[in-house]
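Position 1 is the first residue of the sequence, and the numbers go up from there.
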Amino acid sequence: MRHRSSACLHCTASFPPRSRRYLVLSPFLTSSTISVVIGAPTAFVHPQQHLPNRRLSRNDCNDIEAMWDPTSQTYKDGIVPSHRTAMEIDDLLRANRGKLKIFGYGSLCWNPGADGILSLADIERDELDHDATASDESRQTTAQPTRKESMRKVTTTPGRAVGYQRCWCQRSADHRGTPQFNGIVCTLLSDDEVRNLHHGENIKESNHIQRSSRPSMTEGMIYTVDRDLVEDCLAELDFREKGGYSRDVIDVVEDDTGNTVKALLYRGTPDNPAFWKRALLDLTLAAATMSAAIGPSGPNDIYLHRLHQFLTHAAQHSSAAALALEDHSGDVNTGELATMVNLLQTKYRPYFLFGAGSNEHNQLLLRSGVDGEGRGWKGMEEAHEMTEMVLVVPRSNQEQSTSGGDNDDHIPKSVHAGGGHSALLTTGGDLYLWGWNEAGQLGRASSSLGSTEKTSLLSPIQPLSNIRVESVSLGHTHTLVIEKGTSRLFGFGDNGRGQVTGCLDEANGTQDLCHAPRAPVDLSEESFVDIAAGLFHSAAINRQGELITWGCSRFGQCLPSVDRRNGDASSNVGRWHPPDGSTLVKVACGRRHTIVLDNYGRVWTLGDNKYGQLGRSLLGGSKAYEPQLVHGPLGQMDSGCFAIHSGWSHNLALTRNKDSQHITVRGWGRNDKGQLGISSRDFHICIPQNLLKLSIDSHKTLIDGIETSIQSACCGVESSHILDNHGNIYSTGWNEHGNLGIGHDIEKGVEEHCPRWKKTSGASVVAPPPSRAMKKIFTAGGAHLMVMAV
């Protein structure tokens with residue numbers, strides 16, 4: 001059966017007809033938690049005042065389908081779907097002596113609202129009636145009758161749901177969040193539903209969940225409504241809960257009497273459109289979201305803290321409630337989430353990122369929700385679509401102090417990806433590194449999180465010690481940074497080929513692993529403008545516009561060492577300057593080649609040319625030990641090239657038209673896995689060429705027939721990614737671990753690579769309020785992709 005709502009003339013939404021008398025399981029509600037969200041501080045128009053004369057018959061209702069609106073994230077026109085009939089209203093009323101019992105487990109626990117039927121309740125007065133610890137004086141003081149009290153058509157009493165757990169996994173787009181940045185509200189899930197959701201997940205459950213012989217007990221508030229108010233009350237609640245919840249009838253136990261009664265409630269079941277399983281499993285994500293979200297009904301954190309206060313108060317005034325909360329609680333997370341949210345707003349800062357691909361080394365932060373006892377979600381090994389990530393970092397002492405104000409130093413500047421590690425750099429120079437640390441590529445020898453502190457399930461990552469960073473480059477297993485203010489260069493991580501220190505023997509300080517930042521030999525006094533870390537070699541551009549390389553040079557990717565020319569075999573640092581006096585401005589490193597850009601927009605390359613990655617004909621030889629210009633327009637003056645990127649064996653270059661400012665993507669090199677996103681009979685492209693078509697009538701780029709404009713690009717090891725002016729990311733190439741972020745919808749037979757540009761799918765990349773982020777930054781690494789709205 002489908003229910004058509006009757007329009008309310010003063011509301012944009014609508015109410016269901018009063019003639020309905022069935023407790024159909026009408027699903028899904030993204031509203032603020034609990035059985036109902038009557039507690040929202042918005043003006044409420046009583047539905048009875050403006051119901052139209054015509055009422056829909058059941059036959060009319062059967063023809064109306066509920067339609068979920070992905071934009072508002074509510075059901076259109078207030079028409080909600082319904083499942084099989086759970087119990088007729090009349091039967092429920094007879095079971096409760098002509099009254100309707102409603103169980104509230106969210107905002108109704110403390111606030112029945114300012115208007116509407118449930119606002120007739122007086123929770124404070126009812127509490128005194130049921131509180132054995134209340135004094136006679138307080139009872140007498142509060143016992144003076146009022147007009148509202150004299151009606152007593154709606155009363156409340158604390159109670160607990162049997163066999164259900166309060167779970168924080170319902171998205172809220174219309175109460176405690178917005179469609180752009182959802183909040184999280186609670187729902188009630190049965191013990192079996194929770195158990196099924198945990199089944200198959202790499203998660204250690206709480207002791208209570210493991211004890212399947214005892215049903216959960218979840219504390220809440222039972223409202224009792226007189227029969228003559230039932231129809232209007234249901235109309236109000238259906239209107240409130242149009243965002244994803246469904247009706248259900250469950251057993252609840254009154255704390256006062258111990259009696260078990262049947263009660264109506266609204267809950268978000270696991271199959272509703274607003275259900276967020278990830279939030280149920282990952283408390284760090286849930287807490288971070290609630291610490292930031294704000295909706296029409298107010299901040300998300302207030303909702304959480306008020307509910308936590310209610311539960312704490314209930315346990316202090318009722319032994320039954322205390323038992324429900326402690327011995328066999330169906331509420332194991334509310335208190336911990338409240339603590340985590342408070343810490344995230346005072347001591348720590350959450351950054352919201354999005355990623356896809358391999359999480360083998362936790363480079364996507366998808367297994368950060370595990371506490372010191374191993375309890376919590378142990379995460380995902382890989383994600384094939386864009387997935388939410390939360391990076392938790394300590395706030396500065398200035399931010400934590402009561403007198404200190406906030407500043408812009410914490411604003412993200414760039415994100416970076418290496419072979420199995422990741423980084424975020426702020427405008428103030430804090431560099432946060434996480435992920436793979438086997439070689440010390442995170443700049444520390446300790447745990448990969450960079451912090452010995454464990455606060456609940458929060459695992460704050462400390463910034464790189466003792467260095468403020470201007471720019472950073474992540475290689476396969478080593479990292480390079482330029483210091484903010486001094487422009488000096490430092491490196492750390494794998495040094496097996498001298499790619500960190502520039503040295504080749506122990507007598508001169510060579511170490512296989514460098515866990516702390518070190519300046520390469522003979523480069524400690526120089527200033528640098530750009531750096532690049534490759535597989536086993538490094539490169540940089542100094543202030544004089546000179547290319548400097550060090551590390552593995554087996555394939556010509558590094559310049560001949562200056563010291564070697566003078567007979568000193570300890571150093572592998574090489575230097576080169578264009579012979580025509582031009583200045584180099586940018587550098588990128590591949591697996592076995594190096595690419596540089598000069599101030600005239602010309603591209604130079606050196607190293608291995610097996611797959612055409614040097615941008616020249618293979619007839620010229622398989623290697624080049626000194627930089628040479630690529631063939632075609634990119635090797636000529638005023639090419640318009642302003643950015644270069646390199647994968648293991650392919651390259652991208654961005655050029656800008658002087659007149660139209662249109663950006664073109666050119667590429668060359670290896671293409672056997674679709675790295676360049678173009679059809680080619682050969683698996684390599686030797687001469688740089690345009691990778692995307694232009695529209696005929698405008699200076700726009702065509703991707704899948706859609707006009708757009710390119711903003712930026714990056715390379716993974718064997719993939720390419722572009723970002724357009726609408727914030728869309730398109731990927732192509734190797735996709736074995738889902739690192740393209742395009743999901744599983746790939747042409748049959750090419751599961752591990754995609755030979756054409758495809759738009760990423762999954763979570764929408766958004767920034768938390770109050771930000772109205774118009775810019776996105778992104779990066780790709782060994783087998784993962786990351787993006788962030790700033």
Side-chain angles (χ1 to χ4, degrees), residues 29-34 37 73 106-107 166-187 197 243-244 268 272-308 333-355 364-369 376-377 379-380 383 386-393 395 412 424 455-460 762-773 787-790:
L29 241 192
T30 55
S31 10
S32 77
T33 87
I34 207 163
V37 188
Q73 297 175 34
S107 59
R166 183 182 284 108
C167 299
W168 294 88
C169 51
Q170 186 79 357
R171 293 180 185 270
S172 178
D174 59 343
H175 283 274
R176 297 295 173 169
T178 64
Q180 292 72 37
F181 193 89
N182 294 167
I184 298 177
V185 292
C186 63
T187 182
L197 288 167
N272 84 83
F275 190 79
W276 196 1
K277 179 180 177 181
R278 168 79 184 282
L280 174 67
L281 303 177
D282 187 351
L283 292 189
T284 300
L285 173 64
T289 300
M290 287 188 279
S291 74
I294 301 175
S297 296
N300 202 166
D301 63 316
I302 299 243
Y303 172 92
L304 170 68
H305 288 308
R306 289 296 301 272
L307 185 53
H308 178 51
N333 292 329
T334 301
E336 185 158 29
L337 283 169
T339 299
M340 294 169 71
V341 166
N342 182 61
L343 288 169
L344 287 169
Q345 294 175 332
T346 56
K347 189 174 182 180
Y348 303 112
R349 177 186 301 282
Y351 286 107
F352 295 86
L353 301 90
F354 300 81
L364 294 180
L365 296 170
L366 297 182
R367 58 169 179 260
S368 57
W377 185 52
M380 303 164 60
M386 300 309 297
T387 303
E388 299 89 348
M389 304 167 50
V390 174
L391 169 67
V392 178
V393 306
R395 293 179 184 265
L424 182 146
T455 305
S456 183
L457 297 181
L458 298 176
S459 300
S764 298
V765 178
V766 295
S771 171
R772 297 184 179 272
V787 60
M788 186 178 189
V790 295

J.: Could you check if a side-chain atom of Asn300 sits within less than 4.5 angstrom of a side-chain atom of Ser172, using non-hydrogen atoms only?
T.: no
J.: Give, for atom OG of Ser297 and atom CD1 of Ile302, the distance between the pair rounded to the nearest 0.5 Å.
T.: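 It is 12.0 Å, given to the nearest 0.5 Å.
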J.: Please report the closest heavy-atom contact between Val390 and Pro350, naming both atoms and the distance.
T.: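 Distance-wise, the nearest heavy atoms are CG1-CB, 4.2 Å.
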J.: Do you know which two heavy atoms are closest between Thr178 and Gly295, and how far apart they sit?
T.: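 Shortest heavy-atom separation between Thr178 and Gly295 comes out as CG2-CA, 4.5 Å.
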J.: Looking at every heavy atom in both Ala279 and Ile184, which two are closest together, and how far apart are they?
T.: CB-CD1, 3.8 Å
J.: Taking the side chain as every heavy atom from C-beta outward, state whether Glu388 and Thr289 have any pair of such atoms under 4.5 Å apart.
T.: no
J.: Identify the heavy atoms of Val765 and Ala789 that sit nearest to each other, and give their distance.
T.: CG1-N, 3.9 Å
J.: Applying side-chain hydrogen bond (donor to acceptor under 3.5 Å, both in side chains), can you list everything that pairs with Asn342, at least two apart in sequence or on another chain?
T.: none
J.: With side chains defined as the heavy atoms from C-beta onward, is the minimum distance between Ser291 and Asp301 less than 4.5 Å?
T.: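 Contact flag for Ser291/Asp301 side chains = no.
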J.: Using modelled atom types only, decide if a donor and an acceptor are shared between the side chain of Arg176 and the backbone of Pro299 within a distance under 3.5 Å.
T.: yes
J.: Taking C-beta and beyond as the side chain, do Thr187 and Cys169 meet within less than 4.5 Å on heavy atoms?
T.: yes
J.: For Ala383, check side-chain contact (heavy atoms from CB on, under 4.5 Å) against everything at least two apart and list the hits.
T.: Leu366, Met380, Thr387
J.: Can you see which heavy atom on Pro769 is nearest to which on Ala292, and at what distance?
T.: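 The pair with the smallest heavy-atom distance is CG-O, 3.2 Å.
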J.: Between Phe354 and Met389, which heavy-atom pair has the shortest distance, and what is it?
T.: C-SD, 3.6 Å
J.: Is any side-chain heavy atom of Met340 closer than 4.5 Å to a side-chain heavy atom of Thr284?
T.: yes
J.: Within a strict 4.5 Å, meaning less than it, do heavy atoms of the His308 and Thr339 side chains meet?
T.: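 The answer is no; the side chains never approach within 4.5 Å.
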J.: Within the side chain of Arg349, is there an N or O that forms a donor-acceptor pair under 3.5 Å with the backbone of Leu391?
T.: no
J.: May I ask you to decide if Tyr348's main-chain N or O and Arg395's side chain share a donor-acceptor pair within less than 3.5 Å?
T.: yes
J.: Is there side-chain contact between Tyr351 and Leu365, with at least one heavy-atom pair below 4.5 Å?
T.: no
J.: Could you work out, with ring pair (Phe, Tyr, Trp, His ring centres under 6.0 Å) as the rule, every residue matching Phe352, not counting sequence neighbours?
T.: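 Listed in chain order: Phe181.
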J.: For Thr334, which residues count as a side-chain hydrogen bond (donor to acceptor under 3.5 Å, both in side chains) partner, sequence neighbours excluded?
T.: Trp168, Asp331
J.: Nearest 0.5 angstrom please: His175 NE2 to Asn182 CG, how far?
T.: 13.0 Å
J.: Are any side-chain N or O atoms of Gln170 and backbone N or O atoms of Val185, one a donor and one an acceptor, separated by less than 3.5 Å?
T.: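 Answer holds: no.
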